[in-house]
Amino acid sequence: MSLILYNTLTRRKEAFAPRDPARVTMYVCGPTVYNYAHIGNARPAVVFDVLFRLLLARYPQVIYARNVTDVDDKINTAAKSQGVPIKTITDKYVEIYRADMGALGVLPPTIEPCATDHIAQMIAMIATLMKNGHAYAAEGHVMFDVPSFAGYGQLSGRNRDDMIAGARVEVAPFKKDPADFVLWKPSTPDLPGWDSPWGRGRPGWHIECSAMIEKHLGETIDIHGGGHDLIFPHHENELAQGTCAHGGKTYAQVWMHNGFLTMDREKMSKSLGNIKTVHELLSEAPGEALRWALLSAHYRQPLDWSDDTVAQAKTTLDRAYRALEQVAHIQPVKGAEYAPVRAALEDDLNTPKAMAEIAFIVGALNNAPTDDSRAQIKAELLAAGKLLGVLQQEPAEWFIAAKKSSGVDAAEVERLIAARINARKARDFKEADRLRDAIAALGVVIEDRADGTKWRMAE
RNA sequence: GGCCGAGUGGCAGAGUGGCCAUGCAGCGGAUUGCAAAUCCGCGUACGUCGGUUCGAUUCCGGCCUCGGCCUCCA
């Protein structure tokens, strides 16, 4: 079964064919670390994590790079206002980002290159572009010469005239062409800067990705991913630079872009202020529920985020974990797979379809007639969950986490349950019901099962 | 203004030229001392107007509405 991916560049689904199946390469634009990541920022991390997992299941080696932008004017502004060096800011938020992504079940990428560790590569690439006639120096800046690259605009599907007509930005006087973009810009003494052939300065936004890709992944990569809003100008510019720096070689074979998270149908963004940080959401719901919610819509579709989204995700996972809890004592068989889930993911990461298939296995597990069949289906469910990055906890852990975060007094609950068991033994159902009401008042639901009375938090 | 998406049952959200999505919620039944959990079953869903077709939610065209990019942005 081949892997089908939608390519933004060609605007269609294509069979994925890595240049070197023994070394598949993927690059995804990571965070600019100056603040807490919001749940919308987490979407590409989670989406491409699923793709990473799928690629790992198909190919012997996958090099997945997700960068950290640690030099940027927003970082400078934050550092200035707090009166600290930029490294203080970036170190702090890199760490928080990693912790947040970990809580969402995102595997660490193969490498996480930082922009500031690659200034030399950027300078070298800029010099190459100048030498090849694709860039020019002007007033301390180095600009990319857009008209020198005939293919400009193919990724975002717009031509230069449209861009100029729609431009809402004042054209700097030193630009030869209004579409030219900055590769290197001068820094004043109060700003971070590095020495370069064009004076002390700092890189433009787009060049870092191209330079790090060249260094770590090569001149042509298989997959380049990121959020939909990066198509223009960021990826368009990267494509132009990268192609021109390598004598016209293909820069990236497949371009993939995830859709936005919205709140009340409007794009979630820091500038609009309608954000929910991963950090605060993690105090309200398990990371796995957030992950499930993020994957509940196809990655190219918009996803409207609400408390209800998370609540539904959590309820659905509860059901799956309950099924797994029932078979906790059964050893799953080795080497199982569940083809329908994999097939759904191999069709351009159709996660909602994959989740429907998971629901099907959960039902099958609940209905399984024998321990042999349970061992088989449990293994299939776990394997399917692994591809999506869910259902890998011990069920007891999942339920305990919910109990803990609720802050309910477990000893008190246990005491009430014990009293109720006695009342039931005495067939004093009136007292038993009274005790259950008392337990329910704590927000706890109890279940009388064959193996004893269990409790959990109500939704 | 240019370019690009989207409109599916109470909610979320796939998909398809004619047949079941799935989950959550709801209703009925089995089960239970009562519940919960689980299982079984149920609901005449595809923005609108035309066209193509034996047949369209699915293809084509118009319209309406919403969102995104064109500036930092996942």
Side-chain angles (χ1 to χ4, degrees), chain A residues 8 11 28-32 37-48 72-74 77 153 156-159 161-170 179 205 225-234 236 257-262 264-272 275 292-293 295-306 308-320 322-323 325-326 344 347 350-360 362-363 365-367 423-424 427-430 432-433 436-437 440 444-450 453-456 458-459:
Chain A
T8 305
R11 276 161 251 280
V28 173
C29 292
T32 301
H38 61 69
I39 189 70
N41 297 130
R43 193 177 191 187
V46 169
V47 163
F48 289 102
D72 174 272
D73 286 351
K74 283 185 179 165
T77 307
S156 55
R158 59 190 82 207
N159 63 49
D161 294 339
D162 292 340
M163 286 183 264
I164 294 161
R168 284 185 254 155
V169 148
E170 224 176 295
W205 174 35
H228 198 259
D229 52 353
L230 295 182
I231 294 173
F232 191 88
H234 184 51
E236 191 70 73
H257 296 94
N258 62 274
F260 291 117
L261 238 61
T262 57
D264 298 323
R265 302 276 157 201
E266 235 185 344
K267 178 182 173 182
M268 183 185 290
S269 76
K270 285 173 187 166
S271 44
L272 285 172
I275 64 165
W292 186 271
L295 294 174
S296 66
H298 183 82
Y299 77 93
R300 283 191 279 118
Q301 295 305 126
L303 171 61
D304 201 50
W305 191 266
S306 70
D308 203 44
T309 315
V310 184
Q312 286 194 13
K314 190 176 168 301
T315 311
T316 304
L317 282 169
D318 276 341
R319 181 173 132 86
R322 228 176 272 129
E325 192 181 35
Q326 298 296 328
D347 180 16
N350 193 337
T351 51
K353 182 92 189 305
M355 290 160 121
E357 299 294 354
I358 281 184
F360 178 81
V362 168
L365 185 56
N366 283 328
N367 270 330
R424 291 182 73 218
R427 302 198 66 78
D428 183 354
F429 295 122
K430 208 171 174 185
D433 286 346
R436 201 223 321 268
D437 288 345
V444 170
V445 175
I446 53 176
E447 294 174 29
D448 296 325
R449 294 201 215 146
T453 297
K454 307 273 180 184
W455 66 278
R456 62 188 167 80
E459 293 312 319

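In the text below, chain A, chain B and the rest are named by the order of the sequence lines, each starting its count at 1.
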When rounded to the nearest 0.5 angstrom, what distance separates OG1 in A/T262 from CE in A/M268?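 Rounded to the nearest 0.5 Å, the OG1-CE separation comes to 7.5 Å.
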Nearest 0.5 Å please: distance from the CD1 atom of A/I275 over to the CD1 atom of A/I39.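 Between A/I275 CD1 and A/I39 CD1, I get 11.0 Å after rounding to 0.5 Å.
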With sequence neighbours excluded, what pairs up with [X] under the side-chain contact (heavy atoms from CB on, under 4.5 Å) test?
{"X": "A/A293", "value": "A/W305, A/T309, A/A313"}
{"X": "A/A432", "value": "A/R420, A/A423, A/R424"}
{"X": "A/E325", "value": "A/R322, A/P395, A/F399, A/R449"}
{"X": "A/N367", "value": "none"}

Should [X] be listed as having a side-chain N or O under 4.0 Å from OP1 or OP2 of [N]?
{"X": "A/N366", "N": "B/rC39", "value": "yes"}
{"X": "A/R322", "N": "B/rU38", "value": "yes"}
{"X": "A/N367", "N": "B/rU38", "value": "no"}
{"X": "A/K267", "N": "B/rA74", "value": "no"}

Which value, in whole Å, describes the distance between the [atom1] atoms of nucleotides [N] and [M]?
{"N": "B/rG10", "M": "B/rA6", "atom1": "P", "answer": "23 Å"}
{"N": "B/rC63", "M": "B/rG7", "atom1": "C1'", "answer": "14 Å"}
{"N": "B/rC11", "M": "B/rA45", "atom1": "P", "answer": "14 Å"}
{"N": "B/rG5", "M": "B/rG47", "atom1": "C1'", "answer": "16 Å"}
{"N": "B/rU52", "M": "B/rG62", "atom1": "C1'", "answer": "15 Å"}
{"N": "B/rU22", "M": "B/rA36", "atom1": "P", "answer": "23 Å"}
{"N": "B/rC46", "M": "B/rU57", "atom1": "C1'", "answer": "4 Å"}
{"N": "B/rC60", "M": "B/rC20", "atom1": "P", "answer": "24 Å"}

Got [X] and [Y] here, is their nearest side-chain heavy-atom distance under 4.5 Å?
{"X": "A/T351", "Y": "A/Y299", "answer": "no"}
{"X": "A/E357", "Y": "A/N350", "answer": "no"}
{"X": "A/D318", "Y": "A/K314", "answer": "yes"}
{"X": "A/S296", "Y": "A/L303", "answer": "yes"}

Provide, to the nearest angstrom, the distance between the [atom1] atom belonging to [X] and the [atom2] atom belonging to [N].
{"X": "A/I358", "N": "B/rC24", "atom1": "CD1", "atom2": "P", "value": "13 Å"}
{"X": "A/F232", "N": "B/rC69", "atom1": "CZ", "atom2": "C1'", "value": "9 Å"}
{"X": "A/N41", "N": "B/rA74", "atom1": "CG", "atom2": "P", "value": "5 Å"}
{"X": "A/H234", "N": "B/rC70", "atom1": "NE2", "atom2": "C1'", "value": "17 Å"}
{"X": "A/Y299", "N": "B/rG13", "atom1": "OH", "atom2": "P", "value": "17 Å"}
{"X": "A/W292", "N": "B/rG23", "atom1": "CH2", "atom2": "P", "value": "11 Å"}
{"X": "A/K353", "N": "B/rG13", "atom1": "NZ", "atom2": "C1'", "value": "13 Å"}
{"X": "A/L295", "N": "B/rG23", "atom1": "CG", "atom2": "C1'", "value": "14 Å"}

What nucleotide, of [options], holds the atom closest to the side chain of [X]?
{"X": "A/A297", "options": "B/rA14, B/rC24, B/rU22", "value": "B/rA14"}
{"X": "A/K74", "options": "B/rC72, B/rG68, B/rA35", "value": "B/rC72"}
{"X": "A/P352", "options": "B/rC72, B/rG13, B/rA36", "value": "B/rG13"}
{"X": "A/N258", "options": "B/rA25, B/rU22, B/rA74", "value": "B/rA74"}
{"X": "A/T315", "options": "B/rA74, B/rU22, B/rA25", "value": "B/rA25"}
{"X": "A/P233", "options": "B/rA74, B/rA35, B/rC72", "value": "B/rC72"}

Determine whether a donor-acceptor pair (one donor, one acceptor, N or O, separation below 3.5 Å) exists between the side chain of A/D433 and the base of B/rG33.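 Answer yes: a donor N or O sits under 3.5 Å from an acceptor.
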Is there a donor and acceptor pair closer than 3.5 Å between the side chain of A/R427 and the base of B/rG33?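 Result: no qualifying N/O pair found.
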Expected string for nucleotides 5-11 of chain B under the B/S/- scheme (protein heavy atoms, under 4.0 Å, primed atoms plus P, OP1, OP2 as sugar-phosphate) is -S----B
Have a look at [X] and say if it touches a base, only the backbone sugar-phosphate, or nothing, with a 4.0 Å heavy-atom cut-off.
{"X": "A/T316", "result": "sugar-phosphate"}
{"X": "A/K454", "result": "nothing"}
{"X": "A/G226", "result": "sugar-phosphate"}
{"X": "A/I446", "result": "base"}

With RNA chain B as reference, determine whether A/L261 or A/F429 sits nearer its 5' end, using the nearest nucleotide of each.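 Per heavy-atom nearest nucleotide, the more 5' residue is A/F429.
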5'-most by nearest nucleotide on RNA chain B - A/A432 or A/H298: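 This one resolves to A/H298.
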Out of A/H257, A/H228, A/R300, which one pairs with A/T8 under the side-chain hydrogen bond (donor to acceptor under 3.5 Å, both in side chains) rule?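 Of the listed residues A/H257, A/H228, A/R300, the side-chain hydrogen bond (donor to acceptor under 3.5 Å, both in side chains) partner of A/T8 is A/H257.
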Please check this pair: side chain of A/D304 against backbone of A/D264, looking for a donor-acceptor N/O pair closer than 3.5 Å.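 Indeed, once roles are kept as given, a pair shorter than 3.5 Å links the two residues.
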Which stems does RNA chain B form, counting runs of 3 or more consecutive Watson-Crick or G-U wobble pairs with both distances under 3.5 Å?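 In RNA chain B, stems of three or more pairs: B:1-7 with B:64-70, B:10-12 with B:22-24, B:26-30 with B:38-42, B:47-51 with B:59-63.
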